[in-house]
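Everything below concerns the one structure shown next.
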Amino acid sequence: MAQICIENVRKDFGSFTAVQSSSFTIEDGEFFMLLGPSGCGKTTTLRMMAGLELPTSGEIFIDGEEVGMKPASQRDIAFVFQMFALYPHMNVGKNISYPLLSQGMPKPQVKRKVDEVAQILGITDILKKPVGGLSGGDRQRVALGRAIVRDPKAFFMDEPLGALDAEFREHMSEELRALHDRMGATTVYVTHDQLEAMQMGDKIVVMNHGVVEQFGVPQDIYDWPATMFVASFIGSPSMNFLNFHGIVGSGTTSVALGESEIRVPEQHAGGRGDLALGVRPEHVHLDDASDYRAEVVATEYLGTTQIVTLNTPHGDIKARIASSDRAVVGEKTGLRFDERTITVFETEKGRALLSAGNEGVLNHG
Ligand SMILES: Nc1ncnc2c1ncn2[C@@H]1O[C@H](COP(=O)(O)OP(=O)(O)OP(=O)(O)O)[C@@H](O)[C@H]1O
């Protein structure tokens, strides 16, 4: 088990900066997600933690020891790659035992370890099988077995489920999470899939263009995004932005959108210029008592809920409402927003203004 601490870590490839001054801490035993779009620097960050890439500057601590310049072999971690590379000429048991045998562990001890790991993963009955004919899930289990068998301090996984189809992916992600909960080993997991990150992670780091945009527990990130990028990247449909030009004073509890006053959490930092009210689709309600008017332009039936696209004077937004609620394309309606859940953003910087709602979350890091 291990605590991993990243301090001001940067990685340049020639003149290109892949990771800029990243800082965050992964606590002992956490399932930690590195999340972001393709090319944002998450794999590079993971590879630096693992010792497969040296940071250009900054420090990496594993259990308090600075390891930034140490090679992977001296960091006591296990890396599970995207396309689980197994030794094709060895059977399942040999694939799992290989790391121990190559360390010189005596054979009876190796057998005990392999049996134990096979039992944890539910693959005892395939230990003698060649890896060639295995299903994707079993290959994944064997790859995990090979990582687990060494009892490393931490597991690093780079999109381990990326090659699996959607249904199977969900099954494996549940299995991985359950395995983590049984073993309690620190796990760092790279994904571009926000849903996967929200479902599996104890904590998430959201990266974009080599920059850590936010890190924290999934619900804090979902409810109180630090930036418009995070607000858009997390959640489906993503957070709505009602764009307006104006002034938001410190201490204010409402914002003028045209003729309407929209209540917001008490603002603790003023802002002016191009601003946006960020509101999640499930916090938008069709309510004729409201004087903030919109037109229904589309509805999408999703079973218990429906997604309603609304044209407002401040841009198109989406509401998630019950399927049984009335929404008719072409009709006008009033809109009400859950005031306690709104974030005001400065559009140019793309950053959230501090408020009574988000201050606790955004001030911690
Ligand atoms: N060895 C390298 N030399 C030059 N550029 C690199 C190298 N490795 C990564 N990069 C660049 O650094 C940026 C970040 O890459 P990285 O693989 O960390 O992104 P990522 O977020 O993991 O994306 P993906 O999911 O597509 O792998 C990319 O623009 C990539 O092209």
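Starting from 1, each residue takes its place in the sequence as its number. In what follows, every heavy atom counts, from backbone to side chain, and hydrogens, waters and symmetry copies are set aside. Note that ligands are numbered from 1 as they come in the structure, with each ligand's atoms numbered from 1 the same way.
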Discussion item. Could you identify the single nearest non-hydrogen protein atom to atom 22 (O) of ligand 1 and state the distance to 0.1 Å?
Written reply: T43 OG1, 2.6 Å

Worksheet entry | Under-4.0 Å protein heavy-atom contact, atom 6 (C) of ligand 1 | yes

Worksheet item: Charged N to carboxylate O under 4.0 angstrom, E300 versus K318?
Response: no

Worksheet item: Taking the inter-plane angle between the rings of F156 and F79 on a 0 to 90° scale, is it parallel (under 30°), tilted (30 to 60°) or perpendicular (over 60°)?
Response: perpendicular

Discussion item. Among all the protein's non-hydrogen atoms, which is closest to atom 11 (C) of ligand 1, and how far away is it?
Written reply: F16 CE2, 3.7 Å

Discussion item. If the condition is side chain to side chain contact (heavy atoms under 4.5 Å, CB included), which residues does D287 pass it with, not counting sequence neighbours?
Written reply: A289, R336

Worksheet item: Considering the options Y189, F155, F31, which one meets the ring-ring contact (aromatic ring centres under 6.0 Å, His included) requirement together with H180?
Response: F31

Practice prompt. Mark whether atom 31 (O) of ligand 1 lies under 4.0 angstrom from at least one protein heavy atom.
Written response: no

Practice prompt. Could you tell me whether ligand 1 has any atom less than 4.0 Å away from a heavy atom of G210?
Written response: no

Discussion item. I'd like to know if the side chain of N95 and the backbone of N91 have a donor-acceptor N/O pair within less than 3.5 Å.
Written reply: yes

Discussion item. I want to know if ligand 1 touches G41 in the polar sense, i.e. an N/O pair below 3.5 angstrom.
Written reply: yes

Practice prompt. Test the R280-Y222 pair against the cation-pi criterion, namely NZ or CZ under 6.0 angstrom from the six-membered ring centroid and within 45° of the ring axis.
Written response: yes

Worksheet item: Which of the atoms in ligand 1, numbered in the order shown and given with their element, are less than 4.0 Å from a heavy-atom of P37?
Response: 21 (O)

Worksheet item: Could K70 and E65 be called an ion pair, given the rule that one side-chain N must be under 4.0 Å from one carboxylate O?
Response: yes

Worksheet item: Identify the closest protein heavy atom to atom 14 (C) of ligand 1: which residue and atom is it, and at what distance?
Response: G39 O, 3.4 Å

Worksheet item: Hey, which atoms in ligand 1 end up nearer than 4.0 Å to a heavy atom of C40?
Response: 19 (O), 20 (P), 21 (O)

Discussion item. Pairing donors with acceptors under 3.5 angstrom, does anything connect the side chains of H245 and D274?
Written reply: yes

Fill in: Heavy-atom nearest neighbour in the protein, as seen from atom 25 (O) of ligand 1, with distance rounded to 0.1 Å
K42 NZ, 3.0 Å

Worksheet item: Looking at ligand 1, does any of its N/O atoms fall within less than 3.5 Å of an N/O of F13?
Response: no

Worksheet item: G36 near ligand 1, heavy-atom distance under 4.0 Å?
Response: no

Fill in: Short N or O distance, S38 and ligand 1, threshold 3.5 Å exclusive
yes

Worksheet item: Would you say K42's side chain and P37's backbone share a donor-acceptor pair under 3.5 angstrom?
Response: yes

Discussion item. Starting from atom 16 (P) of ligand 1, what is the nearest protein heavy atom, named by residue and atom, and what distance separates them?
Written reply: T44 OG1, 3.5 Å

